[in-house]
Amino acid sequence: MAKIKKGDQVIVISGRDKGLTGRVLEVLKDSDRVIVEGVQRVTKHVKAGQSARGTRTGGIETVEAPIHVSNVMLVDPESKKGTRVGFRSEQVEQDGRTRTVRVRYAKRSGKDI
């Protein structure tokens, strides 16, 4: 189970965008990187061409580039500051069976994520 997942609110702790917060749009597991909304924006030159719905206009677009997962930290839901992520095992009963489930929690406040 990953510490950072798609949809999590994170804060950047190092790099040129230090201090910015955003929501995780995508997790790239093979390269240990995440794409965060509004963070690490770069310009990209796009050639004009045809797309599925008509013509695509060319020009300069700004897109979010991947950032390494070690440079982001999960935002604590209670204090709205960066926090580490921990895991604990809980017994859950479903359909008459008990299962062990790993639950993520914020180490700063102890709240489940």
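Note that the structure is predicted; figures quoted are calculated from it, not measured.
A 4.5 Å side-chain heavy-atom check between L20 and I11 finds every atom pair outside the cut-off. Within the 4.5 Å cutoff, the side chain of R16 has no heavy atoms near those of the K18 side chain. Contact of the T21 side chain with the Q9 side chain is registered, since non-hydrogen atoms from C-beta on lie closer than 4.5 Å. Inter-residue side-chain proximity for V10 and I4 is flagged as met; some heavy-atom pair is nearer than 4.5 Å. V42 has its side chain out of reach of T62: every pair of non-hydrogen atoms, C-beta onward, lies at least 4.5 Å apart. Counting heavy atoms from C-beta outward, E26 and K6 have side chains that stay 4.5 Å or more apart. A heavy-atom distance below 4.5 Å is found between the side chains of R108 and S79. A heavy-atom distance below 4.5 Å is found between the side chains of I67 and V12.
When all heavy atoms of Y105 and F87 are compared, the pair lying nearest together is CE2-N, 3.5 Å. Nearest heavy-atom pair, D76 versus S109, reported as atom, atom and distance to 0.1 Å: OD1-OG, 2.8 Å.
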Go through E61 and T43 one step at a time and tell me if the side chain to side chain donor-acceptor pair (under 3.5 Å) criterion holds. CA-CA 6 Å; E61 294 181 355; T43 57; over 6 Å; no
Assess whether side chain to side chain contact (heavy atoms under 4.5 Å, CB included) is satisfied between T98 and V92, documenting all intermediate values. CA-CA 5 Å; T98 58; V92 177; over 6 Å; no
Full working for side chain to side chain contact (heavy atoms under 4.5 Å, CB included) between V24 and K5: CA-CA 7 Å; V24 176; K5 290 184 174 182; over 6 Å; no
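Here CG of L28 is found 11.0 Å from NE2 of H68. Values are rounded to the nearest 0.5 Å. From M73, atom CE reaches atom OG of S14 across 10.5 Å, with rounding to the nearest 0.5 Å. Here the CD1 atom belonging to I113 is positioned 6.5 Å from the OG1 atom belonging to T83, to the nearest 0.5 angstrom. Distance check, rounded to the nearest 0.5 Å: OG of S70 to CD1 of I13 gives 7.0 Å.
Although no hydrogens or angles enter the test, the distance criterion places a donor-acceptor pair under 3.5 Å between the side chain of D17 and the main chain of Q40.
Applying the salt bridge (Lys or Arg N to Asp or Glu O under 4.0 Å) test to residues at least two apart or on different chains, the pairs with a partner in residues 33-45 are R23-E37, R41-E64. Residue pairs satisfying the salt bridge (Lys or Arg N to Asp or Glu O under 4.0 Å) criterion with at least one member in residues 77-88, sequence neighbours excluded, are listed as follows: E78-K111, R88-E90, R88-D112.
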